[in-house]
Amino acid sequence: MTYHNLLFVLAAVFAVWAVMAKKLLTSAIMLASLSAAVSLIFFDFGAPWAGVFELSVCAGLITVLFIGAVSLIRAEEEKHPENRTRFYALPLAVAIFAIAAWFYLPAFFDELATGRQMAAGGGTIGLALWDLRRPDMLGQVLMLAAGVFVIKSVFPRRTENK
Amino acid sequence: MDLPVKMLILAVAVPVLGAFLIPIAARVSTTARNAFAVLLGLFTFLAAASLFSTVLGGQTASWGLSFPRGFDLILHADLLSVFMASVSAFVSMIILIYSVDYISHYENQTEYYLMVVLFLGSMMGLVFSANLMWMYVFWEMTGFASWRLVGFFRSDRDVAKANKTILVTVFGALCMLIGIIIVYFDYGTLDLRMLHGQAISYAAAAFILVGILSKSATLPFSTWLPDAGVAPSTVTSLLHAAVLVKIGVYAYARIFGVTFAAPDAFSNAVLYIAGASALVSAGAALIDTDIKRIIAYSTISQLAFIFLGLASGNKTAFIGAILYILMHSVAKGGLFLCAGIIEQNAHTKDINKMGGLFSSMPVTGVAFALCSLSVMGIPPFGGFFSKFLVFSGAAQNGNLTVLLMFLAGAVMTLLYLVRLFYKIFLGEPAGHNNPKEGSFTMVASVMALALIGLALGALIYYPSAYAELLTNSLGVNLQ
Amino acid sequence: MDKGLLAYLLIPLLSAVIIPFAAKNRPKLADILANVTLLAGLANLAWLALRPSIIRGEFADIPGDGLSLLLVAAIYLVAFCVTFFSAWFLDEHLPNRQAYYSLILVSVAAMCGVVTTTDFFTLYVFIEVLAVTSFALITTDESSGGIEGALKYFFLTFPASALIIVGIAVMMMSLGGLSFESLRIFMAADAPAGTVTFAAALMMLGFLIKAGVAPFHAWTPDAYQGAYAPVSAYLAGIVTKISGVYAIIKLATLLRFFDGRAQAVSEMVMFLGMFSIALGALAALKQTNFKRMLAFSSISQVGYIVLAAGLGTPLAIMGAVFHLLNHATFKTVLFLNSASVEKSAGTTDMDKLGGLEHSMPWTSWTSIVALLSTAGVPPLSGFWSKLLIILALWESGLKTYAVLALLFSIVTLAYFMMMQKKVFFGKKTAAAESSPEVSAPLLAPVVLMSALIVALGLLFPYFYTYVKMVAERIIL
Amino acid sequence: MNIILIPILLPLLTGLALLLISEKTKYLKELLGIGAAAVSLLAAVNILLVHPAPLHHHWLGTAISFTLIADNLSAFLLLAVSLFSLAISVYSFSMPNKGSAKWFYFNLLMTQGFAAGAALSDNMVAMLFFWEGLLVFLYTFIALSQNTHAAKRTAMKAFLINAVTDLCLLAGVTITGYIAGTMSMSDISANKLTLDYGWSLFAYVLLLIGAVSKAGAFPFHTWIPDAATDSSAPFMAYVPAAIDKLLGIYFLARASVYLFTLNGTMQLVLMSLGAVTILVAVMMAFVQKDYKRLLSYHAVSQTGYMILGIGTLNPVGIAGGLFHMINHATYKSCLFMTAGSVERQAGTGELSKLGGLFRAMPVTGVCFLIAAAAISGIAPLNGFFSKELVYKGTLDTGYTVFFLAAELGSFLTLASFLKLGHSVFFGARPEGMKETKEAPFSMLLPMLTLAGICVAFGFGARFPIEWFIAPSLAGMNIETGLLWGFHADKLYFVSVIVILAAVMNHLFGLSAGGGKPSKSSDHIHYAPVLKETYALAERKVFDLYEQTMDRVVPPVSLALFKVDRFFDWTIDALPGGVASFFGGASRRFHNGSYPLYMALTIAGAAVYILLAGGLK
């Protein structure tokens, strides 16, 4: 349970960091870290495929794209720094949310725990996850194709411009 | 399919569809386009008028096209719709004839003809619709056509006024749609023939009323009409004064006069609103100096009299209101067309810059005077009878405050029309070089309308007998 | 997954893969291949759904739930319009012409996947694919606005992906399955909702963000405004509607909002829909950029669909589906017109435009048709869909929502009137002096869509029959 | 065709036919007009004698039919209308100052036709139709009589005053019709209405306003003096002097005697109105310096006697009022004709420039003397008898004060005619008028005829009363015995005293005014208090119309205009402003700041999750 909580806290921290980072690049990296944390949560909750997918798609491919794109416009972005003082209130808001969640959501966590046991007991999760996943393979193919075309589309142009 | 039903369909379909052929005709030649547009107007009028024989024989003609959820398109010709259709088609036809000369030196003529004919077609559709939903559909179509017509000139100001027009009327229309929806859920149908004689809830009546008031330019939604009258050509204003604003009146007659039994308190509220409208707009007409704005204010004020007739809740007043629609359409149409001639030839709309035009534009002056007299309700013009009957009905209604309000309104009508005529045609000439008379077709159009106003007074028996037949056979909850 | 419609997914994918090879040295071939692929799909769909015998049979012979077919048709239609438009719009030497078309075709495939899938995880995967392709498409031209828009799109919809995946995880935990059917069965049974509903609510939130519903709309204006011109039409017309709005409708029917299950979610969705309507319309009023205004308008119109989906009654679903389709038609027209204006006059800043109607009459008039349909002016198609939504609201006793939704049409009309005044009517500005009408091929898709707007309005009974069939099938 | 239609249709058709005739033709228009008037007169005589069957036509729906009935009163009125029409059309034959001959005769004939229609209509709506229809021709008559802006302005004034009061009449008719349940005056008179009920009182007051305004009573009279200067003598002789009086008093009598049973209060109101009219107008008349303008004030003043007479509500008074109506039309037409002749021959109507014309224009002078004596109530001319009846009726009511007011009016009337006659026909002839000759025969004939009638109705006052008036007031017992020639009566002595007083006043004024007859009224004109009052009157301070137009209409309409602008603001600027405010606020909010957007998204998501999770 501590492990879960730690991961949740980490995810939250990354999310807040992503929002508050001064540099977009930091934001992107934090976003990737957030994805990674979420993936770990998936793994721990017994959803390894979801975790893999999240990791591959969000943390991997997309972050790569992001970092590439962000680095291209970094120079321009830094010329006009935004005043983001007011966003320092954000951690406070997160804290409020956490407290509120503490009051509102425990029932949900309890139920979730029972659900997990029930699913684990039935031993059907793996089956459900993998046996019916053929369309997802199509999705993966599409994702790969998309990734290829995106790289083909975005990167040559950017380098050319440079 | 019987001939009347065919005519009924054609009266709606020909102008609506024909309007979209006008751009094609325009490809051929300007003359072909103009002739085509005038022919469409003529045909519509004839088709609508041909239904008189049916309805006078006590028959009605109906045709339906099934739509889901009871939103059937039903065209239904009865005494009221044929009357209204013929009047508006006739006025529109005169406008089209007048337009041939009037509009000939402006841009966007094709769009103009398209919109006028489309407007006419939507009006026919609206008038003949026996389903509230389709009434609403055509209602919005007229709003669209009027938007384009008001925005005929494209200066920022004109377009802004056009936008004001459509926004106010569409706002009203949406309120009306709410009312229609209430009716729909109260009765499960929108077929007016089935709703005949039912009671209507206050909420529905109030919402529908907002739509009617906004379309008919009555307080508190009145001011788009003068604004619309200023921006575009006179002919467009005419549509507003003589046809478009009558839509609201027609809808009132159709919904609260011959279909639902309007609650008494509701009718009373309408009377007060109309009274206030008559007074306020008449006062504004006395202050304004723009010829077309004054006539537009006059329209607002006169519409209030029609509402007085419709809402008074007795037969006399209802007959008067029906006649008022006829008389006002003809007379106000004539006034606006005169204003068009004056404006075009004097190159100004400010009455302070006119004066003494009678000597150079005698025919227009006479036509203007005759039409004014009809609007004032001076015998032997037709306007006298309608005003008399409306007042008579108001007296029967027994509401002294309302009667006095309208009496004051009638007095102010006299004042502003006399002032207008005096300032334009008599008075000291103010720096103009005696503008010429309008072209033959234009002058003939206005003179025709003026003389029709006179003829309607002389032959009042026929229209009044018709209106009485209408009231007796269709009226609901009238004493 | 609906196997009958799989071909609509696979063929564009195949075409997308072929294009870079086949058109390597002949960029024009890419145009042709992409257009032919989509046109063939459209023709096939027309044959499937519009045969006289099918229409006479009140569409009872349509396979599947009917909704997929309808949306596939919409996807193909919009995509075809956009590719056709792009074929003449793209710069001659755009280096990645092939990649552009491939991306479009991949996203078409992904959208087909979205609308045909029957499983939440698959749905999620396809939505992510869409997100990736859209990201690249937005940056097709090298403008900084495009990159910024793309980034905003990605960053700000990222929480959506996270929420959806969390929702999927929670659902997996509590329901033991991810298929639509299992959720439907679960909701139909009178079991306590609990976690399953919460999972669905999380997913719903993700879709709401993807759909750009206020207050999660913040990415839409920048993304649509910054995007490459035809891509804006593509995004606003169909992509975000499929990736967000379709999923909302689907989830709404699965959650059985219509019989009062998941009341809290239903109410929230409706509230957000109403909020979007208001916020989008009001914000659009003061925009000075043509495309940005359209983006806000899009938020507002999506609000109507979401409002109806949140209500979830059969009538509301009919209205939502119909409005979804209508939105695809009119928003495509408007965005493509903004692209034409941009091409012709060089800017979409409305303060610099004016008097374009003389030089660009077709663009002007098709805009009028589309904007009237958006504002719900009869007898155009937008009127009927709004009417259905409002009737549904009223029927369910939500009169305040009904009245508000109806009255915000006037605001819609107001900002479009202002747009029309600033761009097409009014005085000619310097920018407008030298802007000829765009060529006929660029007009063709716009005119086609405008004709469709009018036709759908006038042929409402047929379309209603179809939508009714859809609603009956998906709500059973 | 029913003969009853001839006096209406013939003038109308002839009038319309005139419009088709070229302006250049000589005499044709005049002869046509005279012919039509003559035939109408014959028809009117016939109608009076035989009382043709009523004429019914379906008209405004089933409720209101077009009914013409020639009862005694209306036949008598019709005869009078036709007679004056003929007289004026003959008189105008060679009158140059009447504007275009074509339009003059058109207006004349149209007025005649409509007036005849109003007289014959039994249905109130039909009467109103004809009555209000006169407005148009009133306007054109004045506007076309002179080609000046003043004429147009006066025409507008006349039109507006009459149109407004006609509207009152219209409202009155509608209410009366509603209360009575019928629009037919003969049906209502069979079952008269009372004033006990608020609505019927209101209706009667409205009818009263319409009637007395037509007749030209205070305070609706102010267009008449203006018209006197801005239009032609034949018009003055025809419309304000004859037709308007006939119709107005006719309908007043109808309303007061046939339609309503009046009560004491209303009697007082009517009599006060009459007395005030007499005094106010005659005071004004007395100081006028223009021939026609002086006459025109008398035309107003004399109306007061008629209203006073009818207001007495006793048979004698009413008979007197009606008799005075016909008498007044006779002598006032005659006087205006003399004014026209003098103007035509001498070229001016200003009293200070005229003088000593009796010898140059003896026939005109004689006619003037007769008519002036008649209007001043000098026995044995017709005016004496009608006034005497009015006085008698007034005394019978017991309100002596009205009698005194009427006598005072008589005094001033005579005084002003002494001044007028002296100024125009006697005294020294100015230099420029040595060549002045008598007017042509066509002008003299009608003058002589009317003067003859004055004499005849004076010596034979019994006949018109017995033939025309008594039958019209059938059901009222009228003692006509006292109407025969000279007889010793206290009223007679009072009138002698009045005459003497007037002569003395004239002599006094003459000496005070330095022997100039035109200044013989100055001692009253410039007396203290009166001087200021007259000055105010000159500035039209007492002119209800001018005051309304200057003081009431602009502020009221401005206020209403402001209301209109307010509504414009509420439908235009207000929603626009509110929407702009929200639009602007949201525009400023969407500033493109990525962190702001992200925060918004996450905050929204947080609230959503809490609600979805917690409130299930």
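Below, read A as the first sequence line, B as the second, and so on, with proteins coming before strands; counting in each chain starts at 1.
- Electrostatic pairing of C:Lys422 and C:Asp349 does not count as a salt bridge here, judged by no charged N lying under 4.0 Å from a carboxylate O.
- Panel note: side chain D:Ser65, backbone D:Thr67; no donor-acceptor pair is recorded below 3.5 Å.
- The backbone N or O of C:Leu235 sits less than 3.5 Å from a side-chain atom of C:Thr240, completing a donor-acceptor pair.
- Salt-bridge annotation for C:Asp222 and C:Arg292: present, with a side-chain N of the basic residue lying under 4.0 Å from a carboxylate O of the acidic one.
- If you measure heavy-atom distances from C:Leu282 to chain D, the contacts under 4.5 Å come from both the backbone and the side chain.
- Heavy atoms closer than 4.5 Å to chain D are found nowhere in C:Tyr415, neither backbone nor side chain.
- Across C:Ala201, C:Pro159, C:Ala200, the residue that shares the most heavy-atom pairs under 4.5 angstrom with chain D is C:Ala201.
- Residue contact with chain D, scored on non-hydrogen atoms closer than 4.5 Å, is absent for C:Ile410.
- In this structure, D:Arg551 does not pair ionically with D:Glu546, as no charged nitrogen and carboxylate oxygen lie closer than 4.0 Å.
- Only the side chain of C:Ile209 comes within less than 4.5 Å of a heavy atom of chain D; its backbone N, CA, C and O stay farther away.
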